[in-house]
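Scroll down for the structure; my scribbles are underneath it.
Owing to the predicted nature of the structure, the values given are computational and were not obtained by experimental measurement.
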Amino acid sequence: NGNDYYLDAGIIVNLGKDGELSAVGCDPSEDDVNFEYVNNIKPVSLSKQNVYVNDTIYSIENGLLTKYSFTDNKCKLNKEEITINSDAFADEYGSKLIYDLKTDGQYLYFIIKPSMDYMSAVSKDSLFKIGKMSFDGKKVDWYDDVVASSYTINDGYIYYFNNGYTSDGDSYSFNFEKSGLYKMKIDGSGKELMYNDFETESDTKNQLYFYDLKDMKVYVDYLYFANYSSKGENKVCRIKKDGSNLETVSKNSAYSLSLDTENNKLYYIGRSDNTGLAKRKCYEISLDTFNETELFEISINEPDIYYYNNY
């Protein structure tokens with residue numbers, strides 16, 4: 001609607017032309033009668049699982065899909081709660097374990113990832129599956145022969161990391177012979193292995209909850225990610241989309257990364273040690289020269305980073 005917005009600790013905020021900040025939200029519900037809100041607008045707090053498409057935000061948390069549509073009022077959203085087709089999931093816990101929500105503009109995509117809260121009860125066959133869902137939540141399809149702990153979508157392809165997870169009824173194991181970075185067309189065809197010379201994870205808890213390639217992003221001819229393995233030291237790496245020329249880009253371990261495509265730069269939040277004790281810092285890398293510059297310290301433990309319009 002011609003306005004700038006950003007997230008502040010999950011709250012949607014409108015950034016006015018004069019720098020004035022205003023919380024963005026919806027009409028209060030009947031449950032909010034004991035509260036007073038500025039301009040009678042209740043601020044919206046989003047989960048980390050959200051995407052923006054066609055002037056609409058889709059957010060999911062604990063199996064509830066919510067649609068927020070922008071209006072002519074720069075501070076007001078229309079809210080619609082959408083029921084997800086529960087019959088498409090193996091059990092009642094599946095929709096509560098939707099992570100890494102993404103979109104290609106046609107569907108919502110996600111991964112079913114394990115949670116300590118539900119691990120004992122959830123169907124082991126449903127974990128690390130990529131699904132795609134219609135925007136109304138009624139149609140859910142699965143890439144049944146794909147195992148993925150992280151992924152990204154770009155230009156008609158899905159790039160994903162197979163962590164080696166294998167289910168067998170109520171039990172599971174890890175087969176690292178199948179582990180690696182793969183790509184396939186968005187319709188599930190043309191699946192091919194791109195690279196598999198990653199150091200495997202030996203800790204069983206890390207295998208289940210943390211063994212992936214963080215913050216996968218495609219830019220020009222390369223796929224960028226934080227290499228989880230101790231061999232990669234969690235540093236930012238990149239590999240050509242044909243699976244060749246794996247390179248380490250950053251000097252330090254990374255929690256998250258973002259790209260400035262206009263100025264050909266990469267920003268990441270990282271630390272300079274392997275113990276987790278060093279302070280988190282923001283770094284800038286020129287993708288023309290690979291020169292790296294430390295920008296500032298961050299007090300948040302494992303923050304996400306997003307680059308937008310010189311900020």
Item to complete: Would you confirm whether D215, through its side chain, and L257, through its main-chain N or O, come within 3.5 Å as a donor-acceptor pair?
Response: yes
Fill in: N227 side, atom CG; D212 side, atom CG - distance, nearest 0.5 Å
10.5 Å
Worksheet item: Between the side chains of D104 and Y109, is a donor N or O closer than 3.5 angstrom to an acceptor N or O?
Response: yes
Worksheet, complete the sentence: Value for OH (Y157) from CG (L223), rounded to nearest 0.5 Å, stands at 14.0 Å
Worksheet item: Hey, does the side chain of K113 reach the backbone of S149 with a donor-acceptor pair shorter than 3.5 angstrom?
Response: yes
Practice prompt. Could you tell me whether the side chain of Q49 and the main chain of L101 form a donor-acceptor pair under 3.5 Å?
Written response: yes
Worksheet item: Going from NZ on K178 to CG on L193, what distance comes out if it is rounded to the nearest 0.5 angstrom?
Response: 13.0 Å
Worksheet entry | Polar side-chain atom of N196 near backbone of G180 as donor-acceptor pair, under 3.5 Å | no
Worksheet item: Quick one: does D187's side chain have a donor or acceptor within less than 3.5 Å of a partner on S189's backbone?
Response: yes
Discussion item. If only side-chain N and O atoms count, and only distance matters, is there a donor-acceptor pair under 3.5 Å linking N264 with Y219?
Written reply: yes
Item to complete: Output yes when K96 and D117 qualify as a salt bridge under the 4.0 Å nitrogen-oxygen rule, no when they do not.
Response: no
Discussion item. With a 6.0 Å cut-off (strictly less than), is the heavy-atom count around CG of D170, excluding the residue itself, greater than 12?
Written reply: no
Worksheet item: Within a radius of less than 6.0 Å around CG of D288, do more than 12 heavy atoms belonging to other residues, nucleotides or ligands occur?
Response: yes
Discussion item. Using side-chain heavy atoms (C-beta onward) and a distance below 4.5 Å, is F70 in contact with N78?
Written reply: no
Item to complete: Take N162 and S179 through the test side chain to side chain donor-acceptor pair (under 3.5 Å) and record every step on the way to the result.
Response: CA-CA 5 Å; N162 181 334; S179 179; 5.3 Å; no
Worksheet entry | Salt bridge E292-K251, side-chain N to carboxylate O under 4.0 Å | no
Worksheet entry | Considering all heavy atoms, the nearest C26-L77 contact | SG-O, 3.5 Å
Discussion item. Is it the case that the side chain of S126 and the backbone of A90 share a donor-acceptor pair, with hydrogens and angles ignored and the cut-off at 3.5 Å?
Written reply: no
Worksheet entry | Heavy-atom closest pair, residues F135 and Y107 | CZ-N, 4.0 Å
Worksheet item: Using links of under 4.5 Å between side-chain heavy atoms of ILVMFWY residues, direct or through other members, which residues join L64 in one cluster?
Response: none
Worksheet item: Does a side-chain N-to-carboxylate-O contact under 4.0 Å join K139 and D141?
Response: yes
Practice prompt. Please report the closest heavy-atom contact between Y93 and D91, naming both atoms and the distance.
Written response: N-OD1, 2.9 Å
Discussion item. Could you report the tightest heavy-atom contact between N252 and K235, atom names first, then the distance?
Written reply: O-CG, 3.5 Å
Worksheet entry | Distance-only side-chain donor-acceptor flag, S134 / D136, under 3.5 Å | yes
Worksheet item: Does L65 share a hydrophobic cluster with I112, counting links as ILVMFWY side-chain heavy atoms below 4.5 Å and allowing steps through other members?
Response: yes
Item to complete: For the pair K183 (side chain) and K241 (backbone), establish whether a donor and an acceptor sit closer than 3.5 Å, ignoring hydrogens and angles.
Response: yes
Worksheet entry | Between F110 and W142, ring centroids under 6.0 Å | yes
Practice prompt. Tell me yes or no: between the side chains of T71 and N73, is some donor less than 3.5 Å from an acceptor?
Written response: no
Response to the item:
For K240 and M194 the tightest heavy-atom approach is O-CE, 3.6 Å
Discussion item. Testing the 3.5 Å rule here: is there a donor-acceptor pair between the side chains of S123 and D125?
Written reply: no
Discussion item. With a 6.0 Å cut-off (strictly less than), is the heavy-atom count around NZ of K79, excluding the residue itself, greater than 12?
Written reply: no
Worksheet item: Checking S95 side chain against G63 main chain: does a donor-acceptor pair fall under 3.5 Å?
Response: no
Worksheet item: When F161 is tested against each of F210, Y182, F225, F198 for ring-ring contact (aromatic ring centres under 6.0 Å, His included), which residue passes?
Response: F198
Item to complete: Look only at the side chain of K102 and the backbone of V51, and say whether a donor-acceptor pair between them is shorter than 3.5 Å.
Response: no
Worksheet item: What is the minimum heavy-atom distance between Y172 and K124, and which atoms define it?
Response: CD2-CD, 4.3 Å
Discussion item. Looking at T200 and F176, would you say the former's side chain and the latter's main chain have a donor-acceptor pair under 3.5 Å?
Written reply: no
Worksheet entry | Nearest-0.5 Å distance, OG of residue S150 to CG of residue L213 | 4.5 Å
Worksheet entry | Trace of the side chain to side chain donor-acceptor pair (under 3.5 Å) decision for Y222 with N245 | CA-CA 9 Å; Y222 285 89; N245 196 30; 3.2 Å; yes
Discussion item. Using 0.5 Å steps for rounding, measure from the OH atom of Y268 to the OG atom of S253.
Written reply: 8.0 Å
Item to complete: Check the pair N54 / T56 against side chain to side chain donor-acceptor pair (under 3.5 Å), numbers first and verdict last.
Response: CA-CA 5 Å; N54 299 330; T56 301; over 6 Å; no
